[in-house]
2 protein chains.
Amino acid sequence: MSTRHEEIADELRQAIDREEYAVGGRLPAETELAARYGVSRGTVRQAVAALTSEGLIGSRQGARRVVLASRRSQSFAELRSFAQWARAMGREATGRVVAQEYLPASAQDAARLQLRPGVPVLHVLRVRGLDGEPVLVERTVYADWISPAVEGIDPDAPSVTQLLFEGTGLVFAYGEHVIDAVAASAQDAELLDIRRTNPLLRVRRVTTTREGRPVEWSDDRYRSDAVSFSVHNSIGNNALARKTAE
Amino acid sequence: MSTRHEEIADELRQAIDREEYAVGGRLPAETELAARYGVSRGTVRQAVAALTSEGLIGSRQGARRVVLASRRSQSFAELRSFAQWARAMGREATGRVVAQEYLPASAQDAARLQLRPGVPVLHVLRVRGLDGEPVLVERTVYADWISPAVEGIDPDAPSVTQLLFEGTGLVFAYGEHVIDAVAASAQDAELLDIRRTNPLLRVRRVTTTREGRPVEWSDDRYRSDAVSFSVHNSIGNNALARKTAE
DNA sequence: GCTGAGAACTTGTCTGAACAAGTTGGCCCC
DNA sequence: GGGGCCAACTTGTTCAGACAAGTTCTCAGC
């Protein structure tokens with residue numbers, strides 16, 4: 001919590017949580033908040049802009065801001081990593097590496113990770129679970145420059161993201177996710193302890209660093225009876241988009 | 001295109017599209033752009049903030065902004081509506097109402113639409129297609145105060161959103177989407193011309209007005225061989241969240 | 001009691017300025 | 001040639017003020 005506008009955004013979130021500002025009610029005017037926190041109107045606007053993009057409050061020119069919802073479920077911020085998400089829900093994340101090998105980058109790998117074709121890239125097949133029950137099969141390809149750091153990780157480590165950050169300072173900053181549904185393959189079925197052809201939620205994603213350099217791409221398949229995804233869209237912040245099949 | 005910062009954002013998007021600023025290259029400094037467009041630094045910052053949240057450019061304090069990608073696929077902005085999306089891709093959206101009836105609101109309907117239980121709400125079962133091929137089954141429940149306007153709509157109308165806007169001025173401003181995978185039911189299979197138990201991508205969504213008033217909630221099932229969804233996440237803009245099954 | 005006009009209020013846009021914090025490149029020295 | 005330090009550059013944060021554009025409330029008039 002470093003900057004003033006982040007502090008104010010957080011105080012407002014908490015105030016909404018403890019129903020100081022009721023859902024459906026109105027937030028104080030910008031000038032009111034500015035006076036109360038002893039900052040300029042611009043700083044207040046930065047704070048409320050954050051809440052607006054989170055969908056907590058609605059905003060229209062001329063009218064006071066309205067509280068739309070209290071904090072969505074619980075977790076909202078730091079849940080890019082499966083392990084972090086599980087911990088935030090009070091459940092234990094487990095992980096197990098089933099197979100791991102270097103293969104020369106295919107044309108597809110090379111394009112997605114911005115590498116030259118043929119460079120050896122690390123393929124990892126991992127099963128992840130909540131409290132021991134398998135819920136996710138992850139097939140990940142890591143860029144050559146990060147592979148050595150991944151290779152050394154304990155096969156049973158619950159959080160790869162965490163270990164990569166501690167080991168190399170790497171931060172996953174951007175992600176592009178393509179979501180669809182597929183029938184479980186024989187291998188999926190065995191690893192997740194379900195029947196073949198059961199529906200799975202597939203998320204194919206590319207994760208990049210702050211500089212926009214791709215780190216990994218992954219095909220994740222979730223047991224759809226255990227995990228779903230939630231997306232919030234608002235006017236001017238259209239994170240969710242449809243795509244036709246290639 | 002009314003405000004100056006929107007204009008500048010658009011010019012930058014176009015400049016990136018025509019590779020004036022190459023992917024991987026650097027954007028001019030804020031002061032540079034401010035001078036070039038004859039505006040203050042604050043206005044330039046509003047413009048580049050839009051591109052950052054779209055994932056087109058990356059930003060780190062101290063370093064020049066980097067171009068991460070050219071415009072994502074094509075459509076980005078105005079694709080909340082199925083019909084608008086289809087048109088933007090040069091395909092024709094079709095729609096057909098299979099069934100339509102008023103039922104008293106269940107406790108679930110009432111909670112999601114913020115109505116009193118028992119109020120008659122309009123249930124509509126609709127099949128939608130691209131160029132005649134069915135790709136989507138939509139089971140929608142409309143709030144009582146908008147139902148009359150929906151009821152009057154031509155059963156074969158391609159765009160309900162458009163007609164509602166023209167008829168009542170209603171704008172869909174916010175949406176909460178929960179995504180998972182399900183096996184096709186017998187009815188789904190018949191309507192979509194696929195086999196039962198084939199995997200479908202299910203999107204359950206609640207759409208609200210600018211004031212945060214829920215308008216409709218819907219269970220949409222997409223043929224996963226025809227349509228997928230794409231979500232862009234960035235640091236500080238975490239639209240995508242996992243959820244456990246209820 | 002209802003309607004319509006207008007005043008008061010509120011958010012959106014924009015300016016110009018200053019300092020803080022982080023990055024990059026070049027220069028000097030070894 | 002290589003390493004390290006510093007200066008120049010760039011983005012992030014914050015302020016104070018001004019006007020535009022839209023909403024809400026009040027009050028007069030019917």
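Per chain, numbering begins at 1; letters A, B, ... match sequence-line order.
- The backbone N or O of Ser106(A) sits less than 3.5 Å from a side-chain atom of Asp109(A), completing a donor-acceptor pair.
- Contact between the side-chain N/O atoms of Ser59(B) and the OP1/OP2 oxygens of dG12(D) is found at a separation under 4.0 Å.
- Counting to the nearest Å, the P atom of dT10(C) and the CG atom of Leu27(A) are 12 Å from each other.
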Could you go over nucleotides 3-6 of chain C and give all protein N or O partners under 3.5 Å, atom names and distances?
none

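- Legend: residues meeting side chain to side chain contact (heavy atoms under 4.5 Å, CB included) with Ala149(A), ordered by chain and number and at least two apart, are Ile146(A), Leu164(A), Thr168(A).
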Footprint string (nucleotides 13-21 of chain D, 5' to 3'): B base within contact, S backbone only, - free, heavy atoms under 4.0 Å: BBB--B--B

Show every donor-acceptor pair shorter than 3.5 Å between a side-chain atom in residues 62-69 of chain B and any protein atom, with sequence neighbours excluded, or say none if there are none.
{"from": "Arg64(B)", "atom 1": "NE", "to": "Leu27(B)", "atom 2": "O", "distance (Å)": "2.8"}
{"from": "Arg65(B)", "atom 1": "NH1", "to": "Ser59(B)", "atom 2": "OG", "distance (Å)": "2.9"}
{"from": "Arg65(B)", "atom 1": "NH2", "to": "Glu30(B)", "atom 2": "OE2", "distance (Å)": "2.2"}

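- Phosphate contact (OP1/OP2 of dT23(C), side-chain N/O of Arg65(B), threshold under 4.0 Å): absent.
- Considering only residues two or more places apart in sequence or on other chains, Arg205(A) meets the salt bridge (Lys or Arg N to Asp or Glu O under 4.0 Å) condition with Glu216(A), Asp220(A).
- In this structure, the CZ atom of Arg64(A) is 13 Å from the P atom of dG12(C), given to the nearest Å.
- For Ala15(A), the side chain to side chain contact (heavy atoms under 4.5 Å, CB included) partners are Arg18(A), Glu20(A), Tyr21(A), not counting sequence neighbours.
- Phosphate contact (OP1/OP2 of dT11(D), side-chain N/O of Arg26(B), threshold under 4.0 Å): absent.
- Checked against salt bridge (Lys or Arg N to Asp or Glu O under 4.0 Å), Arg112(B) has no partners two or more places apart in sequence or in another chain.
- Annotation: side-chain hydrogen bond (donor to acceptor under 3.5 Å, both in side chains) contacts of Gln46(A) (sequence neighbours excluded): His5(A).
- Evaluation of the salt bridge (Lys or Arg N to Asp or Glu O under 4.0 Å) rule for Glu32(A) yields Arg36(A) as partners, not counting sequence neighbours.
- Along DNA chain D, the nucleotide closest to Thr31(B) and the one closest to Arg60(A) are compared, and the more 5′ of them pairs with Thr31(B).
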